[in-house]
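Before any comments, here is the structure.
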Amino acid sequence: MVTVSGTVRYSGPWARTPTLKLSSVISADQMLEETNLDYAELTRLKNDGSYEYVTFAPKDVLEKKFDLALRAKDSIRLVKKTTFGGTLAAANVEKFADVVQLTGQVTRPEVFALRPGMKLSTLITKDQILLDTNLNYAEITRLKADGKNEYLTFRPAEVLSGAWDFEVGPRDQIKLVKVNYRPETPDFDRYPEAVLVTGPTQFSGIFAWKKSMKLSAIQDHGKTPSRHESGLCRNR
């Protein structure tokens, strides 16, 4: 038996046969309008009694880019996609490592199944940008294998323009912020690669810093950055 649950048209048990695949369960007639096509979970009981936790994107299955032979006692869970301005669906990152989360000042905070070679440009698209989204500062929190976090900053404008991109990793959390974002106490201990602008200026707040950055880059912050200027700022 294989069990299907969550935001799907037909949930419940499926009789497993030797030819049953993920594509047999994840079909177009199974998807609802509110089904998240970028994230789903598969929990598998292994022969040694332990569990394996797999994430996948239903749209990859529908487009025949990914498939998987199902085993007895496999459990598949589909989740609801976030509505405009809604709350991000909870993801158990302790079990499901191949997860990337987009949060903050975006149209739809969302959870994504990590795929090989997946980049920021897959997540940060024009339809996710609001009028008051800060295009000059964003944060990535990365949980490393040793259990410690790595903190990175970048400019969404460079991702949108195609001037720069970055491969995301397991359990990455990408947070976009508002224009003129300025926390009461800037967290320079975790995010030191940043520049804070204050005073009587049209655009104040925090800007992502990078090597060779000049004052003119802040004053003319709306200009699309050139390829040789782009880069990621990180703190380990």
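- With contacts defined as side-chain heavy-atom distances shorter than 4.5 Å, the pair Thr122/Asp38 does not qualify.
- A salt bridge does not link Asp29 with Arg9: every distance from a Lys NZ or Arg NE/NH1/NH2 to an Asp or Glu carboxylate oxygen is 4.0 Å or more.
- Side-chain rings of Phe207 and Tyr137 stay apart, their centers remaining 6.0 Å or farther from each other.
- Note on Leu143: it does not cluster hydrophobically with Ile140, by side-chain heavy-atom contacts below 4.5 Å among ILVMFWY residues.
- Relative orientation of the Phe66 and Phe56 rings is parallel, given thresholds of 30° and 60° on the angle between their planes.
- Rounded to the nearest 0.5 angstrom, Ser75 OG and Leu45 CG are separated by 11.0 Å.
- Side-chain contact check for Ser121 and Asp165: at least one donor-acceptor pair (N or O, by modelled atom type) lies under 3.5 Å.
- With hydrophobic clusters built from ILVMFWY side chains whose heavy atoms lie under 4.5 angstrom apart, Val168 shares a cluster with Trp164.
- No hydrogens or angles considered: nothing links the side chains of Asp172 and Gln101 as a donor-acceptor pair under 3.5 Å.
- A 6.0 Å sphere centred on CZ of Arg108 holds more than 12 heavy atoms belonging to other residues, nucleotides or ligands.
- Scanning both residues, Val111 and Ala91, for their nearest heavy atoms gives CG2-CB, 4.0 Å.
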Test side-chain hydrogen bond (donor to acceptor under 3.5 Å, both in side chains) applied to Asp67 and Ser23, step by step = CA-CA 6 Å; Asp67 208 349; Ser23 57; 2.6 Å; yes

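- Residues Ser161 and Glu158 share a closest heavy-atom pair of OG-O, 3.2 Å.
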ask   = When you look at Arg142 and Asn149, which way does the side chain to side chain contact (heavy atoms under 4.5 Å, CB included) test go after all the steps?
value = CA-CA 5 Å; Arg142 169 167 290 179; Asn149 283 336; over 6 Å; no

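- Counting all heavy atoms, side chain and backbone alike, Arg115 lies closest to Lys59 at NH2-CE, 3.6 Å.
- Inspection of the Thr141 and Tyr191 side chains reveals an N or O donor paired with an N or O acceptor under 3.5 Å.
- Taking CE of Met1 as the start and CG of Leu20 as the end, the distance is 12.5 Å to the nearest 0.5 Å.
- Looking only at side-chain heavy atoms (C-beta outward), Leu196 and Arg182 come within less than 4.5 Å of each other.
- The backbone N or O of Val100 sits nowhere less than 3.5 Å from a side-chain atom of Gln173 that would complete a donor-acceptor pair.
- For the side chain to side chain contact (heavy atoms under 4.5 Å, CB included) test with Ile76, the passing option among Thr3, Val8, Leu70 is Leu70; the others fail.
- Note on Leu123 and Leu130: separate hydrophobic clusters, where clusters join Ile, Leu, Val, Met, Phe, Trp and Tyr whose side-chain heavy atoms are under 4.5 Å apart, directly or indirectly.
- The CG atom of Leu32 lies 10.5 Å from the NZ atom of Lys81; values are rounded to the nearest 0.5 Å.
- Ser24 contributes a side-chain N or O that, together with a main-chain N or O of Lys21, makes up a donor-acceptor pair within less than 3.5 Å.
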task = Walk me through it: do Leu160 and Lys126 pass the test side chain to side chain contact (heavy atoms under 4.5 Å, CB included)?
result = CA-CA 7 Å; Leu160 292 170; Lys126 291 182 179 179; 4.2 Å; yes

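- Using a 4.0 Å cut-off between a side-chain N of Lys or Arg and a carboxylate O of Asp or Glu, Arg44 and Asp74 qualify as a salt bridge.
- The minimum heavy-atom distance linking Arg155 with Met213 is given by the pair NH2-CE, 2.9 Å.
- Without hydrogens or angle criteria, Thr82 side chain to Leu88 main chain gives no donor-acceptor distance under 3.5 Å.
- Atoms CD and CD1, on Glu110 and Ile174 in that order, are 12.5 Å from each other to the nearest 0.5 Å.
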ask   = For Val54 and Phe96, what are the C-alpha separation, side-chain angles and deciding distance, and is it a side chain to side chain contact (heavy atoms under 4.5 Å, CB included)?
value = CA-CA 6 Å; Val54 179; Phe96 296 93; 5.8 Å; no

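- Within 6.0 Å of NZ on Lys64 lie no more than 12 heavy atoms contributed by other residues, nucleotides or ligands.
- Atom-to-atom distance recorded for Thr125:OG1 and Leu120:CG is 11.5 Å, nearest 0.5 angstrom.
- Just one residue in the list Leu176, Val106, Thr107 forms a side chain to side chain contact (heavy atoms under 4.5 Å, CB included) with Ile129, and that residue is Leu176.
- Rounding to the nearest 0.5 angstrom, the gap separating the CD atom in Gln128 from the CG atom in Leu102 is 5.5 Å.
- For the pair Ala40 and Pro58, the tightest heavy-atom approach, listed with the atom from each and the gap, is CB-CG, 3.8 Å.
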query = Under the side-chain hydrogen bond (donor to acceptor under 3.5 Å, both in side chains) criterion, do Gln105 and Asn134 qualify, and how do the steps go?
reply = CA-CA 8 Å; Gln105 200 65 17; Asn134 191 327; over 6 Å; no

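- In terms of modelled atom types and a separation under 3.5 Å, the side chain of Lys95 and the main chain of Tyr51 share no donor-acceptor contact.
- We find that Arg171 and Glu94 are not joined by a salt bridge, their nearest charged nitrogen and carboxylate oxygen being 4.0 Å or further apart.
- Under the 4.5 Å side-chain heavy-atom criterion for grouping Ile, Leu, Val, Met, Phe, Trp and Tyr, Leu114 is not connected to Leu78 through any hydrophobic cluster.
- Here Tyr39 and Phe112 keep their ring centres 6.0 angstrom or further from each other.
- With hydrogens and angles disregarded, a donor-acceptor distance shorter than 3.5 Å links the side chain of Thr7 to the backbone of Lys80.
- Contact detail for Ala57 and Ala113: the closest heavy-atom pair is N-CB, 3.9 Å.
- Under the 4.5 Å side-chain contact rule for hydrophobic residues, Phe166 and Phe154 share a cluster.
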Test side chain to side chain contact (heavy atoms under 4.5 Å, CB included) applied to Val179 and Asn136, step by step = CA-CA 8 Å; Val179 173; Asn136 291 282; over 6 Å; no

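- Ionic pairing of Glu41 and Arg77 is present here: one or more N-O contacts between side-chain nitrogen and carboxylate oxygen are shorter than 4.0 angstrom.
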